[in-house]
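See below for the structure under consideration.
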Amino acid sequence: MTKKLRVLLRSNADHWAALLQSALPGHLIVTDAPADTGGDDTAYAVVGKPPPGALPAMAGLQAVFSVNAGIEGLIESGEVPAHVPIVRMVDEGLAEGMLEWVLATTLAWHRNLFTYREQQLEARWAPLEEIVARERRVTVLGAGHLGGRVALWLARLGFATRAWSRSPKQIPGVDCRFGQAGLDDAVTGSEILVNLLPLTPATENLLDLSLLSKLAPRAVLINGGRGRHVVDQAVIDLLRSGQLRAAVLDVFRDEPLPEGHAFWRQPGVYLTPHVAAPTHARSAVAAIAANIRSFEAGSPLAHVVDRDRGY
Ligand SMILES: NC(=O)c1ccc[n+]([C@@H]2O[C@H](COP(=O)([O-])OP(=O)(O)OC[C@H]3O[C@@H](n4cnc5c(N)ncnc54)[C@H](OP(=O)(O)O)[C@@H]3O)[C@@H](O)[C@H]2O)c1
């Protein structure tokens with residue numbers, strides 16, 4: 001029987017549907033919302049932020065595929081019935097994008113590029129102490145699909161790299177710590193802190209005054225995870241006191257960042273508009289289609305979210 005896959009995306013739904021149709025020619029790909037009259041026969045949904053009521057209306061749903069790696073919004077919405085697996089986006093394109101963004105920002109701060117730009121605007125010639133990567137302590141919070149790759153490459157560049165995760169990890173050249181007991185050791189004295197955790201009840205507001213105060217003086221925070229990991233006021237206070245040199249932020253509590261938010265004008269804040277690792281339709285569709293094909297051949301779905309852990 002032909003299975004129906006519904007694409008519920010606010011932008012580019014037709015493009016995604018066309019790519020999915022050529023990757024899964026035996027499936028019926030549709031982009032309209034399910035009828036609320038009952039009897040809907042959708043097997044799979046591909047979603048970002050689905051319209052309220054759409055997922056509960058799909059009575060025979062077998063899986064929900066998120067086009068995002070972060071799925072906290074889907075869990076918090078309560079829209080995915082408990083028996084329906086949520087599959088998060090795990091895709092090479094995402095990992096490559098995040099690696100580029102973190103390496104670009106880390107190297108820029110390691111080599112003082114933003115500081116020299118500030119000095120240039122004052123026509124000031126003032127060489128700073130330049131150290132090699134192995135003398136620079138960097139910590140990556142989260143050592144999964146994205147954080148694990150980032151930590152590996154930071155270590156390959158020579159940075160004295162630590163990584164922190166929930167369970168023990170082995171990453172070549174990286175000092176790996178895990179669990180609540182390993183957090184202090186992971187961050188204390190770090191000069192660059194990269195956050196790539198998922199947003200869960202255990203990680204929300206983790207980057208607060210207490211944790212950020214454990215970094216080296218004049219440390220740089222790089223947040224590519226979620227805005228709600230960070231206590232905004234703590235970042236502002238620590239920038240004002242000089243304990244933090246800079247905060248490079250890609251993600252925010254409210255997006256777009258509200259006009260009046262202090263981050264817009266706070267010296268030391270460098271922001272990008274949630275572009276660190278965009279989902280690339282072509283590689284993402286290939287990942288979803290491969291997962292569906294192997295599921296229909298009898299294998300379990302890959303990358304199913306553990307709702308108790310929250311990621
Ligand atoms: N800015 C952007 O454009 C962008 C794009 C994509 C993703 N993201 C963000 O990046 C996040 C990470 O993505 P991912 O694909 O790397 O996720 P992932 O593969 O699930 O990895 C998550 C990592 O965080 C660790 N972790 C989770 N909860 C923890 C806790 N309570 N204590 C310590 N470590 C914990 C996990 O530990 P274990 O390894 O032990 O499980 C794992 O190493 C996403 O959730 C999303 O929020 C942002």
Side-chain angles (χ1 to χ4, degrees), residues 48-49 65-76 86-106 139-154 161-171 174-187 193-208 211 221-230 247-257 270-281 283-284 287 291 302-311:
K49 286 183 193 149
F65 293 86
S66 167
V67 300
N68 302 310
I71 45 65
E72 71 281 354
L74 275 178
I75 294 185
E76 289 170 2
I86 299 174
V87 179
R88 71 194 191 88
M89 181 51 62
V90 175
D91 163 42
E92 274 306 288
L94 268 183
E96 288 164 18
M98 187 57 83
L99 181 62
E100 288 172 5
W101 185 81
V102 174
L103 291 186
T105 49
T106 303
T139 296
V140 183
L141 298 179
H145 184 58
L146 305 182
R149 172 91 58 111
V150 163
L152 176 68
W153 277 86
L154 288 170
T161 309
R162 285 176 281 179
W164 184 67
S165 53
R166 216 170 70 110
S167 56
K169 289 270 172 309
Q170 284 191 330
I171 303 171
V174 178
D175 180 359
C176 294
R177 307 296 170 115
F178 68 98
Q180 209 51 43
L183 182 56
D184 266 18
D185 282 349
V187 298
L193 180 68
V194 179
N195 175 44
L196 290 174
L197 287 165
L199 182 64
T200 71
T203 63
E204 185 161 14
N205 296 322
L206 185 78
L207 280 72
D208 60 6
L211 183 116
L221 165 66
I222 296 175
N223 187 18
R226 284 289 182 262
R228 280 158 60 193
H229 285 132
V230 168
V248 183
L249 309 173
D250 185 59
V251 283
F252 304 90
R253 284 175 182 266
D254 297 311
E255 296 181 3
L257 184 64
Y270 295 77
L271 62 87
T272 51
H274 201 148
V275 292
T279 301
H280 297 284
S283 55
N291 208 355
H303 313 305
V304 172
V305 170
D306 178 334
R307 294 208 207 183
D308 292 332
R309 287 188 327 188
Y311 70 100

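Counting convention: from 1, in listed order, for ligands and their atoms alike.
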The option among P168, G70, A277 carrying the non-hydrogen atom nearest to atom 3 (O) of ligand 1 is A277
Note: ligand 1 atoms sitting under 4.0 Å from heavy atoms of G224 are 1 (N), 2 (C), 4 (C), 8 (N), 9 (C), 48 (C)
Note: L141, heavy atoms under 4.0 Å from ligand 1, region reported as neither
Under 4.0 Å between heavy atoms, the region of L197 that gets near ligand 1 turns out to be both
Any heavy atom of R226 under 4.0 Å from ligand 1? The part involved is side chain
For G142, the atoms of ligand 1 under 4.0 Å from one of its heavy atoms are 23 (C), 24 (O), 43 (O)
Taking distance alone, with N or O pairs closer than 3.5 Å, would you say R166 contacts ligand 1? yes
Return yes when T200 approaches ligand 1 closer than 4.0 angstrom through a heavy atom, no otherwise. no
Quick look: V251 vs ligand 1, heavy-atom contacts under 4.0 Å, and the answer is side chain
Is there a nitrogen or oxygen of V275 sitting under 3.5 Å from a nitrogen or oxygen of ligand 1? no
Per-atom filter on ligand 1: closer than 4.0 angstrom to a heavy atom of A69 are 6 (C), 7 (C)
Within the 4.0 Å heavy-atom cut-off, what P198 brings close to ligand 1 is both
Worksheet entry | Nitrogen or oxygen atoms of L146 and ligand 1 under 3.5 Å apart | yes
Discussion item. If you measure every N or O of D250 against every N or O of ligand 1, does any of those distances drop under 3.5 Å?
Written reply: yes
The answer for which part of K169 has a heavy atom under 4.0 Å from ligand 1 is side chain
A student checking ligand 1 against H274 at a 4.0 Å heavy-atom cut-off should list atoms 1 (N), 2 (C), 3 (O)
**Message:** Any heavy atom of R88 closer to ligand 1 than 4.0 angstrom?
**Reply:** yes
> What's the verdict on salt bridge (Lys or Arg N to Asp or Glu O under 4.0 Å) for K49 and E255, showing C-alpha distance, side-chain angles and the deciding distance?
Replying inline: CA-CA 14 Å; K49 286 183 193 149; E255 296 181 3; over 6 Å; no
A202 heavy atoms within 4.0 Å reach ligand 1 at atoms 31 (N)
